[in-house]
Amino acid sequence: SETEKYYLIFTEWVKLLQKVEHDDELVTVFLRQMVDRGVLSDTDSLINFCKASFELSILAFKASDPTGEVFVSIDALAMLVTKLLVVQEFEDYSRNEYLDIIFCILTMVFSKDHEQDNSTFNERPYFRFFSNILSEWSSLRGHDFIKITDQQIRKELIEFDNYFYNTFASYLHLIQPVAFPGFSFAFITLLSHRMFLPNMLRLENKSGWKNLTILIIDLFRFLDQYTGKVGISNAISVVYKGALRVIIGISNDFPEYLIENHYEFMNALPSSYAQLKNVMLAAIPKKIMLPNPYDNGLDMDKIDSCKMQPTVFYDPVVDLHSFKKPVDNYLRIPSNSLMRTIINGVYRDEYSFKSGIGYDYVSVDQKLVRAVVLHVGVEAGLESEKTSSGAIFNAKSSYYTLLFNLLNEGSSEVRFKVIEAMMEQLRYPNIHTHWFTFVLKNMFTSEEWGEQKSEIQEIILRNIFERIIVNKPHPWGVTVLFTQLLNLNNVKLLSLPCVKKVPEIENILKIL
Amino acid sequence: QHKAFKNPLFSEELKYWLDSKRPLMQPYKEMPDRMVSQLESSLLNCPDSLDADTPYLYRNPLSLPHPTSIFFPSEPIRFVSPVDSPQLQQQQNTGSNESIKSEDDKKESKPSTTHDIYSRTSLAKTFSKFDLDTLFFIFYHYQGTYEQFLVARELAKHRNWKFNKINRNWYYKEVTKSPPGMQQAEEETWRYFDYQNSWLARRCNSDFKYNEEDFEKL
Amino acid sequence: IGTDLSSMLHSLGIPRDNQRYRILDTFQSPWAETSRSEVEPRFFTPE
């Protein structure tokens with residue numbers, strides 16, 4: 001049959017690669033013959049040949065002695081695919097289309113293998129294929145593809161490089177853990193692959209960031225879905241540990257990526273992952289020095305970096321939708337009616353299950369609240385630069401009153417979510433950390449709350465404790481705020497009703 | 001009814017792919033049994049660092065493992081190096097083991113100041129302990145390999161040898177203090193490693209002129 | 001409340017001193033248990 005013929009040809013290819021170097025002339029001749037003899041002459045034959053080769057390679061893996069060379073066929077297939085990425089004439093289809101076709105074929109073979117009843121699915125050969133493609137590509141692209149002698153092809157490949165990585169990412173997104181749990185561990189391993197992750201982070205103009213964020217969010221969504229209150233399965237626990245380790249790696253090498261994308265990550269991170277939250281928000285830009293956050297005499301006004309605007313890669317304005325108008329209008333000219341619109345708009349239409357610390361569902365649109373808070377912070381920072389810091393470090397400014405009124409009129413849940421979002425902005429020394437520290441401290445000591453005062457104080461303290469009680473790291477800004485609250489003259493934490501009610505908290509505070 | 005399902009190339013597999021969309025649109029509240037076993041299977045088959053390593057289908061005959069005693073480990077040399085003890089770290093900072101080196105070697109090695117991505121790998125650390133003979137052997141007989149690359153890095157960055165693109169020799173500039181009374185305070189002599197004939201480092205004759213263009217910028 | 005991360009940092013090769021080494025280019029695997037051998041990083045040899 002046609003398929004059997006393809007099996008034979010592919011087997012010859014595998015044998016050839018075991019006998020000569022991959023850049024040997026014989027290899028090029030073999031590929032040329034494949035095209036000339038109609039094995040790879042058009043899309044249909046390409047698809048049929050590659051499908052047969054994938055299936056054969058997977059079969060070969062499954063049938064191999066596990067202690068022996070299990071990847072010989074899949075290694076050869078990856079080499080074939082990469083070579084064809086370079087040497088083809090690309091008449092019937094473009095290089096972009098070719099890559100898409102290959103990944104499509106793989107996805108089809110993969111899906112069937114994973115979903116079939118009585119499946120013998122094993123993620124390893126698929127992982128190996130992806131890993132090899134990354135290795136081969138990495139080897140090719142060194143010094144702007146200098147190994148490619150044909151200058152025209154070299155130029156094309158340089159332009160194609162970006163498409164390569166982003167297409168790879170988009171297909172990885174298709175086989176995310178929620179869709180294919182049998183590939184979960186391979187998924188994180190690929191996401192963090194040494195030939196993928198740093199390259200996505202380093203692509204020019206941050207062009208890999210968006211797709212990389214999508215993948216990390218895929219992982220978080222999977223974890224969120226299966227992190228319940230009543231015990232986590234061992235497998236999920238291991239997935240979490242791997243995710244944590246990868247994020248720590250990113251924080252070490254590319255803290256700016258976590259810093260600029262923190263907003264999207266906070267939206268997707270499971271609510272009870274306090275330490276991972278802290279790790280992400282504790283990322284520090286490489287050149288910044290951190291003043292001692294426990295220093296009682298610390299004055300952010302005197303720290304230069306506290307005037308700097310942190311870069312925000314994903315503009316929260318996008319998530320405001322119709323909310324943008326009333327919020328921006330209020331910031332320009334505050335009015336009660338605008339405030340009413342904002343307050344009424346933060347509630348969801350229906351409850352949503354959410355396994356949080358001390359709650360099981362939410363009735364507030366968390367994403368919207370976070371967008372409002374960050375947007376206000378961004379605008380405040382810009383205002384400070386445009387006019388003066390006095391314009392925003394002022395309890396009468398519209399930036400402050402918008403948040404104040406939201407808390408004053410909102411339910412306990414709204415208060416909790418708004419304060420949680422504000423506290424997420426307490427990070428490394430920058431204008432957002434500076435301003436939100438001012439806002440939270442002011443709110444904590446304000447007499448404007450009336451009867452609501454103790455609840456506001458309790459929620460602020462609760463949020464601080466959720467971040468501080470956790471094992472390190474702790475974001476600099478959170479520690480600074482906490483230190484400032486501990487040393488207040490006008491409010492004694494130990495005499496607060498909410499503290500006295502919980503002896504454990506009272507004891508911790510006494511020690512501190 | 002969609003056209004894609006009529007395509008004989010994909011029609012069989014497409015329905016499986018489509019099935020996977022369901023949990024994406026409506027995630028399960030609790031993991032169904034099938035999913036639990038799939039996840040556990042994934043944990044069991046988790047790819048490790050060997051799976052993620054660079055593939056090599058064709059093995060250079062020189063690099064094939066030689067038969068050794070069964071008591072010797074057969075694991076790849078790229079083991080993860082143990083925790084850097086303070087002594088080891090200091091050794092790393094001040095240059096390799098002084099005691100086993102000759103006078104010439106001592107002059108050649110400089111403190112290891114390279115902080116690139118290779119500096120902390122066990123192979124790079126191991127190569128920093130090799131003598132010149134071994135380094136040149138690897139360089140000339142394992143061409144195009146990662147080992148050759150690391151050896152070139154060791155020679156260039158730590159031993160201060162330079163690679164001539166034209167004749168493919170490695171060169172070393174020796175600077176010695178002239179005896180007092182000489183016109184120049186320092187004397188410069190060049191040596192090269194003769195890989196083609198004698199397999200020795202030889203002095204360049206007096207008409208050797210260093211031309212920067214001829215040397216690879218490593 | 002998370003865990004003490006020092007052993008995880010140690011397994012990653014993240015030191016506490018001022019020297020910050022890049023680790024993602026030689027990253028073996030997300031888990032220390034599956035990272036028992038080093039992996040070949042990207043490298044380039046001239047023709």
Side-chain angles (χ1 to χ4, degrees), chain A residues 14 17-22 24 44 47-48 51 71-72 75-76 78-79 104-105 107-116 119 121-124 127-128 131-132 135-136 139 174-186 189-190 193-194 221 225-226 228 233-236 238-239 353, chain B residues 4-5 7-61 63 74 117-118 121 143-146 149 216-218:
Chain A
V14 176
L17 285 185
Q18 290 180 289
K19 294 198 162 65
V20 299
E21 292 273 11
H22 68 91
D24 192 290
D44 277 16
I47 290 167
N48 280 323
K51 194 148 75 109
F71 292 133
V72 174
D75 287 356
M79 178 66 78
C104 270
I105 299 165
T107 310
M108 293 296 118
V109 171
F110 175 101
S111 302
K112 184 178 170 192
D113 194 0
H114 186 279
E115 294 296 291
Q116 260 182 333
S119 169
F121 181 82
N122 189 316
E123 63 199 324
R124 288 178 68 211
F127 169 84
R128 180 73 171 188
S131 174
N132 286 1
S135 285
E136 307 293 350
S139 170
L174 277 187
I175 56 177
Q176 59 177 288
V178 169
F180 294 98
F183 194 72
S184 304
F185 285 83
T189 313
L190 271 177
H193 198 283
R194 69 195 182 286
R221 282 221 188 100
Q225 191 60 34
Y226 300 112
S233 76
N234 180 50
I236 295 291
V238 178
V239 171
F353 288 109
Chain B
F5 286 91
N7 186 337
L9 293 169
F10 289 121
S11 53
E12 201 203 329
E13 291 86 2
L14 209 53
K15 62 175 184 283
Y16 294 107
W17 177 79
L18 202 62
D19 273 346
S20 76
K21 296 295 173 189
R22 215 176 297 162
L24 278 172
M25 298 180 75
Q26 197 176 33
Y28 303 111
K29 285 212 175 63
E30 266 174 45
M31 242 194 262
D33 288 340
R34 186 162 184 258
M35 189 180 164
V36 170
S37 79
Q38 284 170 330
L39 189 57
E40 276 171 11
S41 166
S42 179
L43 170 56
L44 218 68
N45 292 315
C46 184
D48 64 10
S49 47
L50 288 171
D51 284 5
D53 209 355
T54 309
Y56 283 103
L57 283 149
Y58 170 75
R59 281 270 163 206
N60 184 333
S63 65
S74 54
I117 63 173
Y118 315 98
T121 60
Q143 295 199 35
T145 63
Y146 175 54
F149 165 81
E216 189 77 57
K217 287 179 178 48
L218 289 168

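A, B, ... follow the sequence lines: proteins, then strands. Residue 1 opens every chain.
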Report task. Might you work through the side-chain contact (heavy atoms from CB on, under 4.5 Å) test for B/M35 and A/Y226, ending with a clear yes or no? Result -> CA-CA 11 Å; B/M35 189 180 164; A/Y226 300 112; 3.3 Å; yes

Report task. Would you check if there is a donor-acceptor pair between the side chains of A/E123 and B/S42 at a distance under 3.5 Å? Result -> yes

Over all atoms of both residues, closest heavy-atom pair of [X] and [Y]:
| X | Y | result |
| --- | --- | --- |
| A/V72 | B/L57 | O-CD2, 3.6 Å |
| A/T189 | B/C46 | OG1-SG, 4.4 Å |
| B/D53 | A/R128 | O-NH1, 3.6 Å |
| B/Y28 | A/Q225 | O-NE2, 2.8 Å |
| B/D51 | A/R124 | OD2-NE, 2.7 Å |

Between [options], which has the largest tally of heavy atom pairs under 4.5 Å with chain B?
| options | result |
| --- | --- |
| A/I47, A/I105, A/I175, A/N234 | A/I47 |
| A/S131, A/S119, A/P181 | A/P181 |
| A/H114, A/H193, A/M108, A/Q18 | A/M108 |
| A/M79, A/Q116, A/Q176, A/H22 | A/Q116 |

Requested in this report: Give a yes or no answer on whether the side chain of B/E13 reaches the backbone of A/S111 with a donor-acceptor pair at less than 3.5 Å.
Outcome: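 Side chain of B/E13 to backbone of A/S111: no pair is present.
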
Side chain, backbone, both or neither: which part of [X] has a heavy atom under 4.5 Å from chain B?
| X | answer |
| --- | --- |
| A/V178 | both |
| A/F127 | side chain |
| A/K51 | side chain |
| A/V14 | neither |
| A/F353 | side chain |
| A/R194 | side chain |

Query raised in the report: Given a strict heavy-atom distance threshold of 4.5 Å, which part of B/R34 is in contact with chain A: side chain, backbone, both, or neither?
Result: side chain

Query raised in the report: Which bit of B/E30 comes within less than 4.5 Å of chain A, counting heavy atoms only: side chain, backbone, both or neither?
Result: backbone

Query raised in the report: Should the pair B/K15-A/E115 be classified as a salt bridge under the 4.0 Å nitrogen-to-oxygen rule?
Result: no

Requested in this report: Quick one: which of B/S41, B/A52, B/P23, B/G144 has the most heavy-atom pairs under 4.5 Å with chain A, could you say?
Outcome: B/A52

Atom pair [atom1] ([X]) and [atom2] ([Y]), whose distance is rounded to the nearest 0.5 Å:
| X | Y | atom1 | atom2 | value |
| --- | --- | --- | --- | --- |
| A/F183 | B/Q38 | CZ | CD | 13.5 Å |
| A/D44 | B/L9 | CG | CG | 5.0 Å |
| A/C104 | B/L14 | SG | CG | 9.5 Å |

Query raised in the report: How far apart are the C-alpha atoms of A/F185 and B/L39, what are their side-chain angles, what is the distance that settles it, and do they pass the side-chain contact (heavy atoms from CB on, under 4.5 Å) test?
Result: CA-CA 8 Å; A/F185 285 83; B/L39 189 57; 4.2 Å; yes

Report task. Compare all side-chain heavy atoms of B/K21 with those of A/L174 and state whether any distance is below 4.5 angstrom. Result ->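 Yes. Closest side-chain heavy atoms under 4.5 Å.
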
Query raised in the report: Do A/T107 and B/W17 touch side chain to side chain, with heavy atoms closer than 4.5 Å?
Result: yes

